[in-house]
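Nothing here was measured: the structure is a model prediction, and the numbers come from that model. Side chains are part of it too, since the values below use all heavy atoms of this structure and drop only hydrogens, waters and symmetry mates.
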Amino acid sequence: MNYDIIVIGSGPGGYVTAIRAAQLGFKTAIIEKESLGGICLNWGCIPTKALLKSAHVFKYLQQAEQYGLNKVENPGFDFTKVIQRSRGVASKMSGGIAFLMKKNKIDVIMGTATIQKGKKVSVVDKDGKSTEYSAENIIIATGARSRELPNIPQDGKKIIGYRQAMVLPEQPKSMIVVGSGAIGIEFADFYNTMGTKVTVVEFMPNILPVEDEDSSKHVEKSLKKAGIEIMTNASVESVDTSGNGVKATVKTATGNIILEADILLSAVGIASNIEGQGFEEVGIQTDKGKVLVNEWYETSVPGYYAIGDILPTQALAHVASAEGITCVEKIKGLHVEKIDYGNVPGCTYCHPEVASVGLTEKQAKEKGYELKVGKFPFSASGKATANGDTDGFIKVIFDAKYGEWLGCHMVGDGVTDMIAEAVVARKLETTGHEVLKSIHPHPTISEAVMEAVAAAYGEVIHI
């Protein structure tokens, strides 16, 4: 029952950490209370992408004639089977994590963990049996859950969170989505494409508030064109669930209005899972619902570490994975480079997709940079035109003085697979001229990056 490393939580932070620890020769165990893979694989990143793929294919069927194909008469779908496919994808991925645990000789302990003093962990299994384990290093990766607002309490039926949104027994005819971050917009896009009447309510002036303003406004225009009603500078004050559906009182700049729908999805962010896990008893410091750590993810108590969504850093799967790897490599004594949180890509998988890294144009100006900004529309892209989807653009932001690539913002089909070019280039401190002299293949969507850089430097060819 004694280990070098115990990891609590098996999401993208936890399971990646455990595998890297095992690779480094640590005797490792991982504790999971529900399903291997955590929220991301079972109730987040992966199954939502499966849902969105079904919606994308359905949309293609409706547009068959645009590609010279015979019209598909009355294309339809089985909502239950769409959900089942998504759950099957999640189940397959979770099974893959089980294989990786076995392959790397990591002990999997199923149960609810509570940390204790003296580098110990108590685990209660499904039968109520409690077992104590100890380790030289305990890494906590317990993730997060759907955040609830006091005035929008989730009942799991009429007012739901993202978990219920993935497994609804039947498709609602109408839905109110509160919050327009990645979770809210992805579900809004999925349900709208499948035929649900969707209204998005966002407190901020723009949807996808963390994105560059050009991206936010473009996506809003595209989603409205697709039939989604979007209300910005608005907030849900209360929700009445006494009738068949929901009635939401929405505060707007011009006064209160009532929205009615079958169901309301609360997508107002996430809350870290730090309650009732022994933090206070052990003496681990927290602040505003987040665990405080040093630059190598050690908490205020030596031997106890924390990574992922329970930290104040970006709540993204790839961030949690990177933090876990950095943490165990530092424990091993390797030379480790600190994570650059200014070079973390963010993606939203609606249609059109959104991807970004680095500073927005507004942030760059606020920091005092003199800018070179380039933008290339997919309407001028041969590959996008051939694909029949020219909705979107690539926007690049450079420091005019030294050529540093400050930010990159993408909107369009497939851009979430392209943003890594900007991430790697920024990591290598590439200048705009070096990107221009790196030959991009033609015809591809990716060459739009080179074209956008050319636009920034007044050398663009195709617009």
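Summarising the geometry, atom OG1 belonging to T112 is positioned 12.5 Å from atom NZ belonging to K126; distances are rounded to the nearest 0.5 Å. Atom OG of residue S10 and atom CG of residue L100 lie 11.5 Å apart, to the nearest 0.5 angstrom. The structure places CD1 of I176 at 5.0 Å from CG of L259, a figure rounded to the nearest 0.5 Å. Between the OG1 atom in T360 and the CD1 atom in I397 there is a gap of 6.5 Å [rounded to 0.5 Å]. Going from atom CG of L51 over to atom CZ of F190 covers 4.5 Å, rounded to the nearest 0.5 Å. Here the CD-CD1 distance, from E32 to I109, works out to 12.0 Å after rounding to the nearest 0.5 Å.
Within 6.0 Å of CD in E429 there are 12 or fewer heavy atoms belonging to other residues, nucleotides or ligands. Within 6.0 Å of OH on Y457 lie more than 12 heavy atoms contributed by other residues, nucleotides or ligands. Within a 6.0 Å radius of CE in M110, more than 12 heavy atoms belonging to other residues, nucleotides or ligands are found. Summarising the local packing, CD1 of I461 is surrounded by 12 or fewer heavy atoms from other residues, nucleotides or ligands at distances under 6.0 Å. Shown here is I258, whose CD1 atom has more than 12 heavy atoms of other residues, nucleotides or ligands within 6.0 Å. Around atom NZ of K33, no more than 12 heavy atoms belonging to other residues, nucleotides or ligands sit under 6.0 Å away. Within 6.0 Å of CG on D78 lie more than 12 heavy atoms contributed by other residues, nucleotides or ligands.
Using the six-membered ring where Trp is involved, H351 and H56 have ring planes that are tilted, between 30° and 60° apart. Using bins of under 30°, 30° to 60° and over 60° for the plane-to-plane angle, the ring pair H442/H462 lands in the parallel bin.
Looking at heavy atoms from C-beta onward, L371 lies in side-chain contact with E361 at the 4.5 angstrom threshold. In this structure the side chain of M418 reaches within 4.5 angstrom of the side chain of V449, judged on heavy atoms. Side chains of Q154 and I159 form a contact here, defined as non-hydrogen atoms less than 4.5 Å apart. Side-chain atoms of I160 and F187, non-hydrogen and from C-beta on, never get closer than 4.5 Å to each other. A heavy-atom distance below 4.5 Å is not found between the side chains of Y191 and I263. Looking only at side-chain heavy atoms (C-beta outward), Y297 and I139 stay at 4.5 Å or farther from each other. At least one side-chain heavy atom of I325 sits less than 4.5 Å from a side-chain heavy atom of V16. Within the 4.5 Å cutoff, no side-chain heavy atoms of M450 are placed close to those of F376.
Between A18 and I30, the closest heavy-atom pair is CB-CD1, 4.0 Å. Across L61 and P75, no two heavy atoms sit closer than the pair CB-CB, 4.0 Å. When all heavy atoms of T252 and G255 are compared, the pair lying nearest together is OG1-O, 2.5 Å. Between I394 and A448, the shortest heavy-atom distance links the atoms CG1-CB, 3.7 Å. A pairwise comparison of heavy atoms in I419 and P345 identifies CG2-CB, 4.1 Å as the closest pair. Minimum heavy-atom separation, I31 to A113: CG2-CB, 3.8 Å.
Side chain of N192 to main chain of V198: no donor-acceptor pair is present (N/O by atom type, distance under 3.5 Å, no hydrogens or angles). Checking side-chain atoms of K49 against main-chain N and O of C45 turns up a donor-acceptor pair under 3.5 Å. When atom types are taken as modelled, the side chain of S321 and the backbone of P12 share a donor-acceptor pair closer than 3.5 angstrom. The backbone N or O of P47 lies less than 3.5 Å from a partner atom in the side chain of S86, making a donor-acceptor pair. At distances below 3.5 Å, not a single donor-acceptor pair connects side-chain atoms of T348 with backbone N or O atoms of C350. Between the side chain of N104 and the backbone N or O of I106, no donor-acceptor pair lies under 3.5 Å. Without hydrogens or angle criteria, R85 side chain to A50 main chain gives a donor-acceptor distance under 3.5 Å. No side-chain donor-acceptor contact under 3.5 Å links E202 to the backbone of I230. Between the side chain of S216 and the main chain of L208, a donor-acceptor pair closer than 3.5 Å is present. With E404 contributing its side chain and D399 its backbone, the two residues share no donor-acceptor pair below 3.5 Å.
Sequence neighbours left out, the pairs with a member in residues 412-427 that pass side chain to side chain donor-acceptor pair (under 3.5 Å) are E337-K427, N343-R426, E353-T416, E421-H440. Residue pairs meeting the side chain to side chain donor-acceptor pair (under 3.5 Å) criterion with at least one member in residues 161-179, sequence neighbours excluded: E34-R163, Q171-T196.
A donor-acceptor pair shorter than 3.5 Å cannot be found between the side chains of Q84 and R87. Side-chain contact of K59 with T193: a donor-acceptor pair under 3.5 Å is absent, judged by distance alone. One side chain, Y341 or E323, offers a donor N or O that lies under 3.5 Å from an acceptor on the other. Inspection of the T249 and E237 side chains reveals no N or O donor paired with an N or O acceptor under 3.5 Å.
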* Intermediate values then yes/no, side-chain contact (heavy atoms from CB on, under 4.5 Å), I152 and E148 -> CA-CA 7 Å; I152 315 177; E148 290 193 52; over 6 Å; no
* To do: Run the numbers on D391 and H218 for side-chain contact (heavy atoms from CB on, under 4.5 Å), then give the verdict.
  => CA-CA 9 Å; D391 187 12; H218 187 102; 2.6 Å; yes
* Run the numbers on V89 and K53 for side-chain contact (heavy atoms from CB on, under 4.5 Å), then give the verdict. => CA-CA 12 Å; V89 169; K53 183 62 178 181; over 6 Å; no
* E213 and K395: CA distance, side-chain angles, deciding distance, salt bridge (Lys or Arg N to Asp or Glu O under 4.0 Å) verdict -> CA-CA 11 Å; E213 192 171 311; K395 178 179 178 178; over 6 Å; no
* Run the side-chain contact (heavy atoms from CB on, under 4.5 Å) check on M175 and K197 step by step: do they pass? -> CA-CA 6 Å; M175 173 183 284; K197 183 183 183 299; over 6 Å; no
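K375 forms a cation-pi arrangement with F393, by the criterion of a distance under 6.0 Å to the ring centre and an angle within 45° of the ring axis.
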